[in-house]
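Accompanying notes for the structure given below.
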Amino acid sequence: MTAPTHTPVLGIDFGTTNTSAAWFDAAGKLRVVPVTDKSFVLPSVVWFPAADKSMVGHGARTQIIDDPKHTVFGSKRFLGRRFQSEFVAKHKDRFAFDVVAGADGYCAVLIYGQLISLTHVAQLVIADIVARANRAARVHFKEAVLTVPAHSTVRQREAVRRAAEAAGLSVLALVNEPTAAALYYANLKSPQEKILIFDLGGGTFDATLMQVQKGVARVLATGGDAFLGGANFDERVVEHFVETFERQQGLNLRTNRTVMQRLAFAAENTKTALSKADAAPLRVPVVAQKDDGQFVDFNYTLTRPALEALVEPLVERCVGACEDVLAHAKVKADQVDELVLVGGMTRMPVIRKRLTGFKKVSGEKEVHPELGVCIGAALLGRDLKRPGGARLKDVVPMPISVMLPGGRTYEVIEANAPVPLTRAVTLEALPLWDAPVPVLVFESVDRTSTDREPIGTLHIGPEWRMGKVVAPQLVLEMDTSFQLKARLVAPGGMNTSLQLVDARGG
Ligand code: AMP
């Protein structure tokens, strides 16, 4: 029986590929939400048998093959992204379902001619795991902690929060996936150590260096690659299939999106099988038709060494990102007490094999690659409800800057700054216009380039440049859910909050 005073918080790992959730029951016992008899993970797949009907999870996943145009999977990669962006242009055609621009300029899907926002798709997945959790716990979960890839932008985080709210939850915190994994790990072992969390999931790669001391986890540095995940490994395999088929049959499969999606499905199954087996035969029936009308199947056997050769550049990118994180924190690989592997992709043997130079690499048996993140979220949820709150410091992954008309730029929030935070800059060169001055707020997606992700625009009214006020202070605040607020403060005491207007359509 649940004690009436116990209000559990659901920890949810809403992943690109899979979603899982966990909570602490009234007796303080950790519980993971069961999805099937054998599984604790819910595929983040939504099948629409009609525009107003949907099914989530394992049943939906089989529809990737049977009804590819109406089965939305891996869509978290597009959630909270503007349609007009290089990333979307590059990736959208790989899916048989139609990724289009929503009314707000963000990515949506077109199903039976109807525009469905990706926030709604995310909401369906989250609502499904919550319903399962409600049944398993026999309570009605109202509060949750959700995880996001460490490299998510402010807008991507906002989209996840809005989806959870639409699913009826109040979001106590959003936490970076590797931070959640570190929390799980810290509670598993109570170490006093430096650990590097290597989190390679379906859509993103995060590397996070943490200091764990007396159960308190502190992020020292975080990095990674927002565009590197299991799907990229699958793509390499698909490319290999397509080239092989072209060589054997002289037929090009690239233009048929449905076939490409079926190949991607086969590639993922093959990749997963090769984590245990040395060779994996596959057959994808009827992938093409010859001039004489004859249908052709794709039959092939991929070996583990061949797979490892195909994905080597991707593995190297992961290693490079780890090196960057260590360099940022001025820590050497041999000073890291343990490398903790999380994310489904770390089951691939070549990953473990490549990570040499570390004293210890966590084993699959001690650290659960798929459930560690949701357990970490549940731990944080439990701690937030305790007196004294959570013993956790999460950080902002990317620097946040503002730009005045004319191009003058100020970095306001530095990368790896712990949240919650307040930062201020003095805006020295505000133009003396009569109209409001637009100030662009953006994140630097990639620290090494000028790749910018606009968060929105602040408008500074002409009143700020009248009288003596010429150089007001812009104050940015970010809470533990990574919500950003802006204020303008003048030495004379003027203090106004500014609305951050979304820069629509990129
Ligand atoms: P996650 O986002 O942590 O659920 O990870 C999902 C990714 O892990 C997907 O790309 C899966 O194909 C991949 N994955 C899951 N299990 C395995 C496995 N046994 N071997 C290789 N990759 C796997």
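For ligands, and for the atoms within them, numbers begin at 1 and follow the listed sequence.
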In the protein, which heavy atom is nearest to [atom], and how far is it?
| atom | answer |
| --- | --- |
| atom 2 (O) of ligand 1 | G202 N, 3.0 Å |
| atom 20 (N) of ligand 1 | S275 OG, 2.6 Å |
| atom 1 (P) of ligand 1 | G344 N, 3.7 Å |

Could you work out, for [atom], the closest of [options] by heavy-atom distance?
| atom | options | answer |
| --- | --- | --- |
| atom 10 (O) of ligand 1 | K76, K271, M348 | K271 |
| atom 4 (O) of ligand 1 | N18, N269, D13 | N18 |
| atom 19 (N) of ligand 1 | E268, E370, K276, R347 | R347 |

Walk me through whether E235 and K90 qualify under salt bridge (charged side-chain N to carboxylate O under 4.0 Å, His left out).
CA-CA 13 Å; E235 256 167 49; K90 196 168 147 206; over 6 Å; no
Charged N to carboxylate O below 4.0 Å: is that the case for E443 and R157?
no
Run the salt-bridge test on E316 and R354 with the 4.0 Å N-O cut-off and return the result as yes or no.
yes
More than 12 heavy atoms of other residues, nucleotides or ligands under 6.0 Å from CZ of R347: yes or no?
yes
NZ or CZ of R317 within 45° of F205 ring axis and under 6.0 Å
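Output no; distance or angle outside limits.
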At less than 4.0 angstrom from any non-hydrogen atom of G230, what atoms of ligand 1 do you find?
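Under 4.0 Å from G230, ligand 1 has these atoms: 10 (O).
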Numbering the atoms of ligand 1 from 1, which are under 4.0 Å from a heavy atom of G343?
3 (O)
Classify the ring geometry of F241 against F298: parallel below 30°, tilted from 30° to 60°, perpendicular beyond 60°.
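The arrangement is tilted - the two ring planes meet at 30° to 60°.
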What about A231: any of its N or O atoms under 3.5 Å from an N or O on ligand 1?
no
Rounded at 0.5 Å granularity, tell me how far CD in E453 sits from CE in M398.
8.0 Å
So for T16, does at least one of its heavy atoms come nearer than 4.0 angstrom to any atom of ligand 1?
no
